[in-house]
Amino acid sequence: MKTLVFALPGNEALAKSIATAIGADLGETVIRRFPDGETYVRVLSDVKNTKTIMVCTLANPDEKLLPLYFLSKTLKSLGAACTCLVAPYLAYMRQDKVFKPGEGVSSEYFAWLISGFADTLITIDPHLHRRHSMSEIYTIHCDVLHASPLISAYIREHVSNPLLIGPDSESEQWVSEVAKNANAPFIVLEKTRLGDKEVKVTVPQVEKFRNHTPVLVDDIISTARTMIETVNHLNAAKMIAPVCIGVHAVFAGSAYQDLMKSGAAKIVTCNTIPHESNRIDISQLIAANLL
Ligand code: R5P
């Protein structure tokens with residue numbers, strides 16, 4: 001069956017790399033806003049009996065969801081055999097329980113929305129801390145891919161004598177895997193989140209690692225408070241300036257600049273969300289899953 005890869009606005013580079021890697025053509029669309037702010041979607045390619053892949057990372061999801069929904073519905077109305085959503089960053093995964101009375105579980109509501117219009121989903125390191133599998137909330141087939149081998153390879157190649165540091169106990173399984181493949185020791189911190197932009201981090205005794213390069217590894221860098229707090233502790237302990245590695249470069253507001261100012265030697269992310277810190281390419285990982 002013929003495959004066409006469609007880029008939602010802002011996802012053109014990744015869509016092109018994926019299409020090239022799997023030997024597919026790019027689909028053509030017009031996606032724009034009407035003067036009143038509503039979304040216009042038109043599909044120019046012939047998609048009848050075609051497998052269609054919609055590439056749309058979901059940082060800032062509220063504004064992306066409707067164009068994606070309209071594209072998926074339009075592709076189906078034009079006879080596409082299936083619509084596969086490639087969302088390297090999947091939003092709303094952190095709202096996975098009722099934290100305060102009166103709240104809902106938005107990760108579920110978001111999952112039901114996506115499951116209502118896409119046939120399958122491919123994503124990278126979704127925030128599955130309290131959930132064990134995507135099937136607990138998504139009713140469509142989901143492929144979860146992991147950036148950890150690519151991060152280990154980056155560390156092996158670019159960081160001398162690394163010490164990996166995970167942000168919290170939940171990250172231990174993941175960080176230990178990255179550390180093992182990077183031939184590096186690791187430690188895991190105790191973290192308490194006090195508010196949207198306030199976290200408290202306890203760094204265990206790091207003095208014995210004074211001649212190591214600390215490498216902070218986290219799945220999401222959002223406000224960057226987790227990393228900044230950790231960098232502050234490492235600075236106070238007179239450690240070598242750390243390398244900060246995140247899978248998903250969410251970087252809310254001035255987070256990126258704040259993290260740079262905190263004394264991080266280098267900030268490195270995967271290109272699951274386009275950002276100037278992207279150094280680790282995940283397009284081949286996705287393409288391999290599509291072949
Ligand atoms: C939380 O459990 C995640 O793994 C990250 O540690 C968190 O999302 C980082 O958020 P922030 O950059 O806002 O501290």
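Owing to the predicted nature of the structure, the values given are computational and were not obtained by experimental measurement. All ligand and atom numbering here is 1-based and tracks the order in the structure.
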Return yes if some donor-acceptor pair links the side-chain N/O of N235 with the main-chain N/O of H233 below 3.5 Å, else return no. no
Can any side-chain N or O of S283 pair as donor or acceptor with the backbone N or O of D281 at less than 3.5 Å? no
Looking only at protein heavy atoms, identify the closest one to atom 14 (O) of ligand 1 and say how far it is in Å. T226 OG1, 2.5 Å
Whether the D219 and H127 side chains hold a donor-acceptor pair (N or O, under 3.5 Å, no angle test) is what I'd like checked. yes
Could you work out, for atom 12 (O) of ligand 1, the closest of G246, A224, S171 by heavy-atom distance? A224
What's the verdict on side-chain contact (heavy atoms from CB on, under 4.5 Å) for I282 and L14, showing C-alpha distance, side-chain angles and the deciding distance? CA-CA 9 Å; I282 46 78; L14 184 59; 3.9 Å; yes
I need the atoms of ligand 1 closer than 4.0 Å to a non-hydrogen atom of D219, numbered in the order shown. 3 (C), 4 (O), 5 (C)
Should you measure from each heavy atom of H129, which atoms of ligand 1 turn up under 4.0 Å away? 2 (O), 4 (O)
Any N or O on I221 sitting closer than 3.5 Å to an N or O of ligand 1? no
Between R42 and T29: side-chain donor-acceptor atoms closer than 3.5 Å: no
Can you find a non-hydrogen atom of R94 under 4.0 Å from ligand 1? yes
Ignoring hydrogens and geometry, is there a side-chain-to-backbone donor-acceptor pair from T83 to T52 under 3.5 Å? no
What residue and atom, counting heavy atoms only, is the protein's closest point to atom 9 (C) of ligand 1, and at what distance? I220 O, 3.4 Å
Students should be able to answer this: which protein heavy-atom is nearest to atom 1 (C) of ligand 1, and at what distance? H127 CE1, 3.3 Å
R32 to F34, cation-pi by 6.0 Å centre distance and 45° axis angle: yes
Ligand 1 atoms nearer than 4.0 angstrom to some heavy atom of D168 are 2 (O)
Atom 13 (O) of ligand 1: nearest protein contact (heavy atom, Å): T223 OG1, 2.5 Å
To the closest 0.5 Å, what do you measure between CG (D119) and NZ (K51)? 10.5 Å
To check your reading of the model: name the closest protein heavy atom to atom 5 (C) of ligand 1, its residue, and the distance in Å. D218 OD2, 3.2 Å
Students should be able to answer this: which protein heavy-atom is nearest to atom 10 (O) of ligand 1, and at what distance? R193 NH2, 3.0 Å
